[in-house]
Protein chains: 2
Amino acid sequence: MFCLASASTIDRILDSAELLFAEQGFHSTTLRQITQSAEVNLAAVNYHFGSKQALILAVFRRRLDALNAARLERLDEALAPEEPPQLEAVLDAFVHPALALSHGRDAVGHRFMRILMHAFADRDDQLHRALSAEYAHVMRRFAAAIATALPGVEKKSLRRQLDFIVGALTHTMAECSVKDARAVANDLVQFAAAGLRSAVSSPAMDGAVCTLEMH
Amino acid sequence: MFCLASASTIDRILDSAELLFAEQGFHSTTLRQITQSAEVNLAAVNYHFGSKQALILAVFRRRLDALNAARLERLDEALAPEEPPQLEAVLDAFVHPALALSHGRDAVGHRFMRILMHAFADRDDQLHRALSAEYAHVMRRFAAAIATALPGVEKKSLRRQLDFIVGALTHTMAECSVKDARAVANDLVQFAAAGLRSAVSSPAMDGAVCTLEMH
DNA sequence: ACCCGATTGAAACACCTGTTTGAATCCTAG
DNA sequence: CTAGGATTCAAACAGGTGTTTCAATCGGGT
């Protein structure tokens with residue numbers, strides 16, 4: 001049967017791996033660093049997870065599932081009271097759950113944003129599949145919510161602007177100090193809301209938004 | 001004296017390294033992959049650059065210098081005619097030179113954005129020093145230019161929003177297909193301009209921009 | 001023509017990587 | 001209490017890493 005006493009070993013490995021992956025990336029982090037930091041035997045990783053790649057996916061999924069579940073939950077809250085929802089409330093539902101991962105005194109949210117950044121940068125196919133499999137559904141729901149909050153926005157343009165928000169979120173949350181994280185999230189919501197509104201207020205300008213073109 | 005015939009070897013190494021670094025990151029790319037792709041001997045890297053780390057910095061600086069020089073040049077053009085400058089023109093000067101790196105048919109700009117992404121994600125101290133040493137000056141100049149184009153914006157808030165723009169730029173330009181790059185840049189300029197303007201239009205709201213707070 | 005520094009080449013270096021093995025230990029179900 | 005599967009442990013494995021070495025080759029200056 002499953003012995004829950006061993007969960008201690010598994011969790012120690014996951015925690016240590018998460019910390020080291022966030023700081024050094026996946027490839028630069030060795031199993032010996034992880035097992036030493038977790039105070040478990042080197043073979044424990046391959047015994048409990050099968051391979052280093054499987055450990056990476058496990059570390060990744062543990063937080064991403066929780067993050068996206070929290071996002072959808074807050075999105076439902078934002079969508080419930082009014083129709084159409086307020087744009088800032090929708091963006092809040094996307095941005096702020098990244099902070100909520102940090103329960104207690106440790107900055108799990110901050111760490112996971114660093115890991116997300118590594119995942120985006122790496123060209124690891126398995127990781128990208130896991131990422132988009134989990135993200136695609138969430139992105140679609142948020143795109144739909146924004147589309148109702150902001151009628152008239154183009155689909156392709158909206159998708160692109162969501163990428164702007166994801167990029168800005170991961171970049172700044174991974175870099176900023178932990179105590180600034182909430183202020184960063186608040187600023188980003190305002191920034192993104194204004195950016196999104198600007199696309200719908202000036203219709204029929206697609207592809208020629210700037211007066212300056214390159215030589 | 002310097003024999004220019006050897007520049008062929010050095011450039012072949014730099015080109016191959018740049019391509020592989022962009023695709024796989026720094027640590028995952030081996031010297032044997034690089035030298036095999038460049039069709040030079042394995043020892044050539046350590047002979048011409050001293051170490052793999054020095055090669056990484058060389059690949060990095062070659063483009064970053066050109067990128068930031070092009071940015072400052074375009075910024076001067078935007079600042080010359082009018083005082084205060086138009087906000088979109090300033091943002092254009094920051095965003096569009098990333099595309100201009102791609103001369104000819106190959107997408108150097110796109111590749112370098114991927115490398116930038118890896119550099120941001122990695123916690124390589126030397127790389128970060130090189131990055132901020134080169135970027136700090138440029139960022140200061142753009143922050144000043146935006147401040148004159150948008151009087152009343154707070155310094156701390158502006159710095160944060162510049163990080164949003166950098167994050168959105170690297171994330172989307174590294175991910176998007178090459179032919180979409182220009183459209184992405186145009187959209188980003190509009191998006192960022194609106195975001196920046198929103199911070200100054202509603203003063204005295206710092207730290208409480210969202211009505212929704214976490215639990 | 002020769003010589004000598006600059007460059008290339010093939011091989012080896014010492015070290016580190018993820019993974020596997022098989023015995024020792026733990027822990028619980030019967 | 002004991003049998004047996006789950007878990008830990010130390011050690012080794014095969015392969016890959018960046019780097020070094022030293023002989024071979026190149027190429028221009030006196």
Side-chain angles (χ1 to χ4, degrees), chain A residues 1-60 115 118-119 122-127 130, chain B residues 1-60 115 118-119 122-127 130:
Chain A
M1 298 294 126
F2 271 15
C3 182
L4 256 77
S6 78
S8 171
T9 294
I10 290 180
D11 285 345
R12 272 212 302 278
I13 291 176
L14 284 173
D15 289 340
S16 295
E18 180 176 76
L19 194 112
L20 289 166
F21 285 162
E23 287 181 352
Q24 312 178 348
F26 304 114
H27 268 94
S28 313
T29 303
T30 70
L31 291 185
R32 283 167 178 84
Q33 286 180 306
I34 294 171
T35 53
Q36 194 165 333
S37 160
E39 295 178 341
V40 301
N41 189 270
L42 169 61
V45 168
N46 284 280
Y47 176 76
H48 286 289
F49 295 94
S51 68
K52 181 185 181 182
Q53 177 74 11
L55 171 62
I56 292 174
L57 289 176
V59 166
F60 197 68
I115 290 188
H118 283 292
D122 268 27
R123 223 156 175 58
D124 183 330
D125 272 356
Q126 280 199 56
L127 212 58
Chain B
M1 296 296 125
F2 272 11
C3 180
L4 256 78
S6 78
S8 171
T9 295
I10 290 182
D11 285 346
R12 274 212 301 278
I13 292 176
L14 283 173
D15 289 340
S16 294
E18 180 176 77
L19 194 114
L20 289 165
F21 285 160
E23 286 181 353
Q24 311 178 349
F26 305 115
H27 271 94
S28 313
T29 303
T30 71
L31 290 185
R32 283 167 179 81
Q33 285 180 308
I34 294 170
T35 52
Q36 195 166 332
S37 161
E39 294 178 341
V40 300
N41 189 270
L42 169 60
V45 168
N46 285 280
Y47 177 75
H48 286 289
F49 296 93
S51 68
K52 182 185 181 181
Q53 176 75 11
L55 171 63
I56 292 175
L57 289 175
V59 166
F60 198 67
I115 291 189
H118 280 112
D122 268 27
R123 223 164 178 51
D124 183 329
D125 272 356
Q126 281 199 55
L127 248 175

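In what follows, chains carry the letters A, B, and so on, assigned in the order in which the sequence lines appear, proteins first and then strands, with residues in each chain numbered from 1.
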Expressed as a whole number of angstroms, how long is the span from [X]:[atom1] to [N]:[atom2]?
{"X": "A/Arg12", "N": "D/dT8", "atom1": "CZ", "atom2": "C1'", "value": "12 Å"}
{"X": "A/Ile34", "N": "C/dC16", "atom1": "CD1", "atom2": "P", "value": "17 Å"}
{"X": "B/Leu31", "N": "C/dC15", "atom1": "CG", "atom2": "C1'", "value": "15 Å"}
{"X": "B/Phe26", "N": "D/dT17", "atom1": "CZ", "atom2": "P", "value": "18 Å"}
{"X": "A/Arg32", "N": "C/dT20", "atom1": "CZ", "atom2": "P", "value": "13 Å"}
{"X": "B/Asn46", "N": "C/dA12", "atom1": "CG", "atom2": "P", "value": "19 Å"}
{"X": "A/Gln36", "N": "D/dA10", "atom1": "CD", "atom2": "C1'", "value": "15 Å"}
{"X": "B/His27", "N": "C/dG18", "atom1": "NE2", "atom2": "P", "value": "12 Å"}

Would you indicate which nucleotide in [options] comes nearest to any side-chain atom of [X]?
{"X": "B/Asn41", "options": "D/dT7, C/dA10, C/dG18", "value": "C/dA10"}
{"X": "A/Leu42", "options": "C/dT17, C/dG9, D/dA12", "value": "D/dA12"}
{"X": "A/Ala43", "options": "C/dG18, D/dA10, C/dT19", "value": "D/dA10"}

Taking [X] for its side chain and [Y] for its backbone only, find out whether a donor-acceptor pair lies under 3.5 Å.
{"X": "A/Ser16", "Y": "A/Arg12", "answer": "yes"}
{"X": "B/Asn41", "Y": "B/Ala43", "answer": "yes"}
{"X": "A/Lys52", "Y": "A/Asn46", "answer": "no"}

Derivation and outcome, side-chain contact (heavy atoms from CB on, under 4.5 Å), residues A/Val59 and A/Phe26:
CA-CA 11 Å; A/Val59 166; A/Phe26 304 114; 5.8 Å; no
Could you tell me whether the side chain of A/Ser37 reaches within less than 4.5 Å of the side chain of A/Leu19, counting heavy atoms only?
no
Side chains of A/Gln24 and B/His27: closer than 4.5 Å at any heavy-atom pair?
no
Side-chain N or O of B/His48 closer than 4.0 Å to phosphate OP1/OP2 of C/dT8
yes
On the nucleotide C/dT8, are OP1 or OP2 found under 4.0 Å from the side-chain N or O atoms that B/Thr9 carries?
yes
Take B/Ile10 and B/Tyr47 through the test side-chain contact (heavy atoms from CB on, under 4.5 Å) and record every step on the way to the result.
CA-CA 10 Å; B/Ile10 290 182; B/Tyr47 177 75; over 6 Å; no
Identify whether any heavy atom of B/Thr29 sits under 4.0 Å from a base atom; if not, whether one sits that close to sugar-phosphate; answer base, sugar-phosphate or nothing.
sugar-phosphate
Result for 5'-nearest mapping on DNA chain C, choosing between B/Val40 and A/Tyr47, is B/Val40
Given a 3.5 Å cut-off on both pairing distances, which stems involving DNA chain C, each at least three consecutive Watson-Crick or G-U pairs, are present, if any?
C:3-30 with D:1-28
